[in-house]
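Quick notes on the structure that follows.
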Amino acid sequence: MSCDKDAETRHTLDCFRDRLKRLIQVEPLLDLLHFLEPDRKDRIKAKFREEGNISAATLLIDEIIHSKNCEQGWSRELVTALETVGCKHAAKYVLNSPPEPTEEAENDSCVRLIDLLQLTLVNMKTADVCAHCRVMGLLTQEDQENILKLIENQGNIGGARLLLKRLVKNEAGWFSKFLQALEDTEHHELVRELRGEPCNEDGESCSSATVETNMYSSMSLLPPVLSANSSLLSEDLDSSVDSSGLGACADNEAGDKESTAVIALAEPLRHTRPPLIISLPSSEESKRDIVLRDYQMEVARPALEEKNIIICLPTGSGKTRVAVYITKEHLEKRKQMGQPGKVVVLVNKVPLVEQHYKAEFGRFLKHQYSVERVSGASQLKISFPQIIEQNDIIICTAQILENSLAKAKNGDEDGIKLSQFTLMVIDECHHTKKGGVYNHIMIRYLKQKHQNQLLKKQEKSPVPLPQILGLTASPGVGGAMSQQRAEEHILQICANLDAFTIKTKTFEEEEAKTPFKRIARAEERKEDPFGDVIKKIMDEIHEHADLKPLCEPGIQNYEQWVVQKEQNAAKEENQKVRVCAEHLRQYNEALHQSNTIRMSDAFRFLDKYHNEELKTKSIADEEGTVTITDTERFLFTLFKDNKAKLQELMGKPQYENNSLAQLKTNILKEFSTRERARGIIFTRTRLSAIALCQWIQENPKFDEVGVSASYLIGGGDQSVVKPMTAAEQKDVLNKFRDGQINLLIATTVAEEGLDIAECNFVIRYCLVTNEIAMIQARGRGRAEDSSYTLVAEAGSGVAERESVNEYREKMMSKAIAKVCKMNRADYEKKIREFQMQAIMEEKVKIKKKQQKGMMKEPPSKISLSCRQCSVFVCSGEDIEKIENMHHVNVTTQFSKLITVRENASLQERLLDYETNGVIACKNCGQQWGSMMLYKSIECPCLHIKNFVVTYGSKKKTFSKWSELPIKFPAFDYTQHADLLVEDSGEEEDMETD
């Protein structure tokens, strides 16, 4: 009898395999199946690790069906094991007792509903819901432990995903219990959303009885296509049951390959029921479908009609997802019309290239179209035009596209044209303004559009241009002081992007989700003896150099004054004033630091600066020593004499700034009052971001409330602080996303664009810039019940500037609304005016540039001298350009003037450079540039900012080589290589002699 039962179970398993493989929890089940040999279990476990639960469950079913060595009674053991691990729904199928068709249809609809609303559901209080589900029997003890462990390791959302994935494997009836669990844990909004509960005009909900009655009838109308965001459940619904019913169990595999499965529910060995047909997508198809919300579809509509538009939606509302949808529809439409389609997605930051590829465009479109990403960090070995030719969608930094467009304009074969694209997506499009790379690209577009109008008048074929799609969270008001100016700014952005309209959405229903905003004012410092010592040092320097500052030290105006003094002194070869001004600049920065971070951080900054300066003065080579002037000796001695006093004061916490204490209070409050706190602190400089991170990590109070902090800074190399590489940024963001880090201290690099996990608090620490940055930073607080806090010292003006930004934000919203309501003729007239103005300004600019190019002087007209000691360096005739970019001096005479030392910042980062040398003046130690290796030849590369340029009879300082109206010759590699070979040959001959 037992043998008959086992044979019947094998047949049942085979018939219901497609349903079972989605209901069985393989990992806990295997431990209870003693009838399976160890080697079979090992194979199944390996499959689970490599391919996931569904593949492992499929293999388990196959092993049981085809096994001839199973002990009698194994079927009873299998059913008991399934019930023990919480797979009661699966156990009913194994017992050949599947639910009634209507019950199964209702269950599938519930699963589909959970899937469609998963983005909302994952924000629940997972630990609380998990506990209630456990009490109700929806989860096993092991399930609960796994979910809580995942919450601890990956955060609330990770645990919620597992909870939902586990719930839908329960037998029918689990949905009402889950609703009860949500009610008990006060998730009333989620319950109403799951029930589809409408509100009457007074805002009151309909009775639950009415809702219960209507719920399942409304479910029958649910679309069969799962949400594109349903990464958690998409695999659980495809091909739910054998597509061909009992009569064709052997044809399972062919049925699995179809993109749509037909569910034929049957009750084998008892009686036949009419089949229930539900069209469901396969797991691959479900991942590819993009389902937009109503507001997203509304803003996308003009773009789907092939109009140029700007989409302005808040951070976190899915702008990029809308762009992916528009891209897909654009390419499909062109394909249907038999026309080629090509899309370029432009970003303004290198990390965004990879982010848009992985999270959006590549994720949803690479199965159907060839998608490639290109940036300065790419390792692709083919040219950009080849990448354009070979792919349908290209994600790249705007500068790469601009460089290639410029090459085409100059007749270079390695260039491309705008006409090669049919759609151009511009991310963070509010940067499309004068001087920006986005604007350079769009000026080319506008000029061609204007030219096309002339071609049409001449009855000639116009040059095709791509459709434009701009994305932004906040176009800003461009510093406008009046509503009219704000409207003109919005119109200017629209004109720059040739936009038919700007589409936005007011989220009335989501206003409650806007972060709660507060300003935390710190009391002004009553005593600042540390700052007083620094100011006393600065006064002594003022007296020594006979300088009379126009304002108090420690503020921005003083910084501007001292920078101007240094530049003027360099031109006048007044080394005393120049070096004093440079030291004053460092002391001013230290004052700023002592007002925002710890006194010890400010002291370390000064100490490091003086140690590095002393080091450059003490390095000597075989031929001589570096000279230390009397002024430098005075400055070094002055710091040394005050060093002990500064060290003493920095150890007295009563003198620390009150802003830091206020920040501490806010962080501790956030982590003490929230179940799972996750936040970002924005600060002004890289140095303060690193210092604040160290302060938090060293303070045990933060550790007690579970703070795990890290900093995130930019990748540009313009600061005294070593930048973060793209890999380092990615690592920090991944840890923040996974929950290993729950507090980021970031510079403005994190405000815009980067995909940062949802936060429930944002703090701007003594930092106010403009309304765009304020909106972007606030938008990082996307979680429910999030807060946005500005920490500012009373009287600093920071809070007042924030109020101005709030006013400008309101101006921006009004301006966008006004522009959207403009009469079409008036709007188009304004747009044309702005565009013609831009084209004319560009023509004037090109003409001036051409005249400047024609006026370029020969290199012999200039000479360079050291910015610090004024020693003559070289004539312009000694300078050559490598790849039209790097200015090098490879003369023997120049090599006698320099000393080469190691680059400390590169060493700290442990980068594997072939050469990492810094070239410096042998006389005074002033850095002049870097030693680069070009095709195996060492070439000293000069940085113009380190020199004073004598131009005719005038002395000038420059920050870029492009500012010099001089035409330098290209580096003659062959000639220099020949000279090196000759020199090495002579040396070998001498050795032989």
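- Annotation: side chain to side chain contact (heavy atoms under 4.5 Å, CB included) contacts of Lys417 (sequence neighbours excluded): Ala408, Ser419, Gln420.
- By the 4.5 Å heavy-atom criterion applied to side chains, Lys319 and Asp427 are not counted as neighbours.
- Within the 4.5 Å cutoff, the side chain of Phe971 has heavy atoms near those of the Val890 side chain.
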Going through the distances and angles, do Leu401 and Phe421 end up as a side-chain contact (heavy atoms from CB on, under 4.5 Å)?
CA-CA 11 Å; Leu401 177 63; Phe421 302 106; 3.8 Å; yes
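- Side chains of Tyr973 and Ile882 form no contact here, defined as non-hydrogen atoms less than 4.5 Å apart.
- Remark: the backbone N or O of Ile393 is not paired with any side-chain donor or acceptor of Glu372 at under 3.5 angstrom.
- Listed by chain and residue number, Asp498, Gln835, Ile839 satisfy the side chain to side chain contact (heavy atoms under 4.5 Å, CB included) test with Leu446 (two or more places apart in sequence, or in another chain).
- The side-chain heavy atoms of Cys820 and Ile502, taken from C-beta on, include a pair separated by under 4.5 Å.
- Comment: Glu572 does not engage Arg578 in a salt bridge, judged by the lack of any side-chain N to carboxylate O separation of less than 4.0 angstrom.
- Remark: Gln448 engages Gln451, Asn452, Val463, Leu465 in a side chain to side chain contact (heavy atoms under 4.5 Å, CB included) (not counting sequence neighbours).
- Using a 4.0 Å cut-off between a side-chain N of Lys or Arg and a carboxylate O of Asp or Glu, Arg334 and Glu306 do not qualify as a salt bridge.
- Listed by first then second residue, pairs satisfying salt bridge (charged side-chain N to carboxylate O under 4.0 Å, His left out) with a partner in residues 462-481 number zero, not counting sequence neighbours.
- The shortest heavy-atom contact between Val949 and Leu864 is CG2-CD1, 4.3 Å.
- Shown here for Ala398 and Val437, the closest heavy-atom pair between the two residues is CB-CG1, 3.6 Å.
- A pairwise comparison of heavy atoms in Tyr445 and Pro466 identifies CE1-O, 3.3 Å as the closest pair.
- Using a cutoff of 4.0 Å between basic side-chain nitrogens and carboxylate oxygens, Glu488 and Arg485 are scored as salt-bridged.
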Report, one line per pair, each donor and acceptor closer than 3.5 Å where one atom sits in a side chain of residues 823-831; sequence neighbours left out.
| residue | atom | partner | partner atom | Å |
| --- | --- | --- | --- | --- |
| Asn823 | OD1 | Ala825 | N | 2.9 |
| Asn823 | OD1 | Asp826 | N | 3.2 |
| Arg824 | NH1 | Phe500 | O | 3.0 |
| Arg824 | NH2 | Phe500 | O | 3.0 |
| Tyr827 | OH | Ala499 | O | 2.6 |

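- Taking Phe947 as the reference, Trp928 meet the ring-ring contact (aromatic ring centres under 6.0 Å, His included) condition, with sequence neighbours excluded.
- What you find for Ile944 and Lys960 is that their closest heavy atoms are CG2-C, 3.5 Å.
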Are Val345 and Arg373 close enough, and set up right, to give a side-chain contact (heavy atoms from CB on, under 4.5 Å), and what steps lead you there?
CA-CA 9 Å; Val345 182; Arg373 65 277 204 204; over 6 Å; no
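- Listed by chain and residue number, Gln567, Asn568 satisfy the side chain to side chain contact (heavy atoms under 4.5 Å, CB included) test with Gln564 (two or more places apart in sequence, or in another chain).
- When all heavy atoms of Ala303 and Gln467 are compared, the closest pair comes out as O-NE2, 2.9 Å.
- Taking the side chain to side chain donor-acceptor pair (under 3.5 Å) definition, one finds that Ser370 meets it with Asp392, sequence neighbours left out.
- Scanning all heavy atoms of the two residues, the minimum distance from Pro859 to Ser875 falls at O-OG, 4.5 Å.
- Considering only residues two or more places apart in sequence or on other chains, Trp961 meets the ring-ring contact (aromatic ring centres under 6.0 Å, His included) condition with His887, Phe968.
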Between Lys955 and Glu573, does the salt bridge (charged side-chain N to carboxylate O under 4.0 Å, His left out) criterion hold? Intermediate values first, please.
CA-CA 9 Å; Lys955 293 184 184 293; Glu573 296 187 8; 3.0 Å; yes
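- Between Glu841 and Gln837, the side chains place a donor N or O and an acceptor N or O closer than 3.5 Å (distance only, hydrogens not considered).
- For Lys814, there are no salt bridge (Lys or Arg N to Asp or Glu O under 4.0 Å) partners two or more places apart in sequence or in a different chain.
- Between Leu423 and Thr327 the shortest side-chain heavy-atom distance falls below 4.5 Å.
- Evaluation of the side chain to side chain donor-acceptor pair (under 3.5 Å) rule for Gln560 yields no partner, not counting sequence neighbours.
- Partners of His330 according to the side chain to side chain donor-acceptor pair (under 3.5 Å) rule, which considers only residues two or more places apart in sequence or in another chain, are Thr422.
- Under the 4.0 Å criterion applied to side-chain N and carboxylate O atoms, Glu428 and Lys349 are not assigned as salt-bridge partners.
- Looking only at side-chain heavy atoms (C-beta outward), Leu497 and Asn308 stay at 4.5 Å or farther from each other.
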